[in-house]
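Here the structure comes first, spelled out in structure tokens, and everything after it is commentary.
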Amino acid sequence: MSNIQKAFADKKAFIPFLTAGDPNLDKTYEYILQLEKAGAALIEIGIPFSDPIAEGPVIQAANVRALSAGCTTDKVFDMVGKVRQKTDIPLVFLTYLNPVFKYGYERFCARCKEAGIDGLIIPDMPFEEKGELKEIARKYDVDIISLIAPTSKERIETIAKDADGYIYVVSSMGVTGVRSEIKTNVKEIVSHIKAVTDVPVAIGFGINTRAQVQEFWQYADGVIVGSAIVKLIEKYGENAADAIGDYIHQMIS
Amino acid sequence: MSKGRYGIHGGQYIPETLMNEIHNLEEQYEHYKKDPEFNAELQKLLEEYAGRPSLLYYAKKMTEDLGGAKIYFKREDLNHTGSHKINNVLGQALLAKKMGKTRIIAETGAGQHGVATATAAALLGLECEIFMGKEDTIRQALNVYRMQLLGAKVNAVESGTATLKDAVNECMREWTKRVDDTLYVLGSVMGPHPFPMIVRDFQSVISREARAQILKAEGKLPDVVMACVGGGSNAMGMFYEFIKDESVRLIGCEAAGKGVDTDRTAATIAVGTEGIFHGMKSYFCQDEYGQIAPVYSISAGLDYPGIGPEHAHLHDIGRAEYVPVTDDEAVAAFEYIARTEGIIAAIESSHAVAHLLKLAPTMSKDQIIICCLSGRGDKDVAAIARYKGVDLHE
């Protein structure tokens, strides 16, 4: 069983996201451990990028804060290495293809393995383009997490059959960010995926209430919450640990 | 590997949310580009509305003054809306209409593509929203008002560097929110396939006309064809039909800003490296970690950190040359062509004119240069005055 599969093994998974280096990498280290303590099953860590085209304003701003504070890919790897000495929780990077490409696919994946990163989410690498990275990632036991969107339709089967780790179902059209209501028929998409693969399914984009978490847990294996947590970090800066812990308790209890 | 490759460049590096729509666009375009009715409608618009064919003008005074090659200008500045952008926009807006879309969105740098898109939307009865960097809305305030006059909604983009690249980001984000009724009318030969191909096809009318015009006027092909390059749409249009003519040198003029040895530049081929951004693999100005660099040029239309994938390929195989031109050189050329030929050319096009001023005297009198004047410079007059320290009391 891969480390990622463990996150979905015996319970529904709560998957928080935060941007590395926001407000600084020491705090990211602390907040990751806090997220685990509060009940996260897997943690998604954003490597900041100058032009995150799939992100809404909240996570865009976190990227700006992290880069302005001097966060780099190398420093993120160092931070993750330290986290790994403290915990076995599955860790997944979310970043854009250019930082990975520029770092070198081979070098990037090798460092992922060395630091203890289990998977990679790249929003601007659709199924058609994953060929250039897939084999290298597999060589280093890094799962490429596939995304499925409300518009995927007949693509669902192709993507799901080739998926590793877990499948990230994008709940809504547009970019990341808190939404009061999710209108897409997510349930139908999830059942379509479940019909063709056993790879766990996690739903993200717009989720920020306990009711949404409970609803999606009824038919998916996990929920991903990003902007709501990043907002707390934006608000409390270096003193966000308690707020993050309280928020997660409230979401999953 | 996906479709839409130019050597190693190109591809479709976009979020999953857009993939079905981008495939739909590709299918629809392949269908309509062979449809006689579509082509007849587009041709009619180009001739009767945009004013094509554009003139191929022999610049006698400049030729004599520079004392070298014969200089011709392809006058895209005389098109309706004042630049080459209308060629592509009429094609894409008509395509949008055929596809059943009711709304078009577009990014703009200098405002030329935004104005062209707003114009086509007004004409064809489409809703229109333009995304423009906040910095550019200040540099090109008149164009913002123009777009509003034409009925478009203009969104000032404040994220990132608040220039063209950020306008593209925001436009892509907007498209992922609303694909059903909306077509993203991309303004340059960039982005995910099929955009570099669609825009190149619609812009290739420039070289199709120019090639026939020069053969008629001179009975032979030109020695040099040149144009300014940001994303590269007027250059691609100016080059395309000449690519097969191996004797013709193709020269793209990039915006070097304060110089390629400074960090205030936008000359992608000169200082960029291979990367993947805005849906395509190509060359980009970026740092060692792949963070896209803030670029700079006096010209809002060339102030872009990448270049279209077909240009990247033409560079790789040595078919086209790309040269950097600084702000100072472009402004000097802007003034020179105004005084010498009575043409106020866009500051973007003035980058090509600047290189022409260096190149023409080194060539012989029986040689020919065609330079694309991609746009008119009325929009730039205030900025040039500011650059020269002139207070206009607007």
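Bear in mind that the values here come from a model prediction, so they are computed numbers and not experimental data. Residue numbers start from 1 in every chain, and the chains themselves are labelled A, B, ... in the order their sequence lines are given, proteins ahead of strands.
- Here the side chains of His193(B) and Glu128(A) are not in contact, with every heavy-atom distance at 4.5 Å or above.
- For Glu21(B), no part lies near chain A; criterion is any non-hydrogen pair under 4.5 Å.
- For Asn185(A), the CG atom sits in a packed shell: over 12 heavy atoms of surrounding residues, nucleotides or ligands are nearer than 6.0 Å.
- Judged by distance alone, with hydrogens and angles left aside, the side-chain atoms of Thr151(A) form a donor-acceptor pair with the main-chain N or O of Thr17(B) at under 3.5 Å.
- Side-chain atoms of Glu274(B) and Phe101(A), non-hydrogen and from C-beta on, do get closer than 4.5 Å to each other.
- Using a cut-off of 4.0 Å between Lys/Arg side-chain N and Asp/Glu carboxylate O, Arg155(A) and Glu16(B) are scored as salt-bridged.
- Applying the 6.0 Å contact sphere to NZ of Lys231(A) captures no more than 12 heavy atoms from other residues, nucleotides or ligands.
- Annotation: maximal heavy-atom pairing with chain B below 4.5 Å, among Gly174(A), Ser172(A), Pro123(A), occurs at Gly174(A).
- Top candidate by heavy-atom pairs under 4.5 Å with chain B, chosen from Thr73(A), Ile53(A), Asn98(A), Ile122(A), is Asn98(A).
- With Arg173(B) contributing its side chain and Pro52(A) its backbone, the two residues share a donor-acceptor pair below 3.5 Å.
- With a threshold of 4.5 angstrom between heavy atoms, Ile159(A) approaches chain B through side-chain atoms but not through N, CA, C or O.
- Looking at Gln291(B), its side chain does come within 3.5 Å of a backbone N or O of Pro48(A) through a donor-acceptor pair.
- The candidate with the highest count of non-hydrogen atom pairs below 4.5 Å against chain B, out of Ser50(A), Ser152(A), Ala149(A), is Ser50(A).
- Sparse packing is recorded around CD of Glu188(A), with 12 or fewer heavy atoms of other residues, nucleotides or ligands lying under 6.0 Å away.
- In this structure a side-chain-to-backbone donor-acceptor pair under 3.5 Å is missing from Asp124(A) to Tyr13(B).
- To the nearest 0.5 Å, the span separating CZ on Phe127(A) from CD on Gln12(B) amounts to 13.0 Å.
- Between Arg5(B) and Glu129(A), at least one side-chain N (NZ, or NE/NH1/NH2) sits under 4.0 Å from a carboxylate O, which counts as a salt bridge.
- If you tally non-hydrogen atom pairs under 4.5 Å between each of Met172(B), Glu170(B), Glu288(B) and chain A, the highest count goes to Glu288(B).
- Heavy-atom contacts from other residues, nucleotides or ligands closer than 6.0 Å to NZ of Lys134(B) number 12 or fewer.
- Between Lys177(B) and Met173(A) the shortest heavy-atom distance is O-CB, 3.7 Å.
- With a 4.5 angstrom heavy-atom cutoff, Val64(A) does not touch chain B via any of its atoms.
- Phe49(A) and Phe277(B) have perpendicular rings, their planes meeting at more than 60° on a 0 to 90° scale where under 30° would count as parallel.
- Listed options Asp51(A), Ile148(A), Asn63(A) were ranked by heavy-atom pairs under 4.5 angstrom with chain B; first place goes to Asp51(A).
- Closest non-hydrogen pair, Glu154(A) versus Asn20(B), comes out as OE2-OD1, 3.3 Å.
- For Asp180(B), no part sits under 4.5 Å from any heavy atom of chain A, backbone or side chain.
- Among Lys102(A), Met125(A), Glu132(A), the single residue meeting the side chain to side chain contact (heavy atoms under 4.5 Å, CB included) criterion with Ile276(B) is Glu132(A).
- In this structure, Met19(B) CE and Lys153(A) NZ are separated by 14.5 Å, a value rounded to the nearest 0.5 Å.
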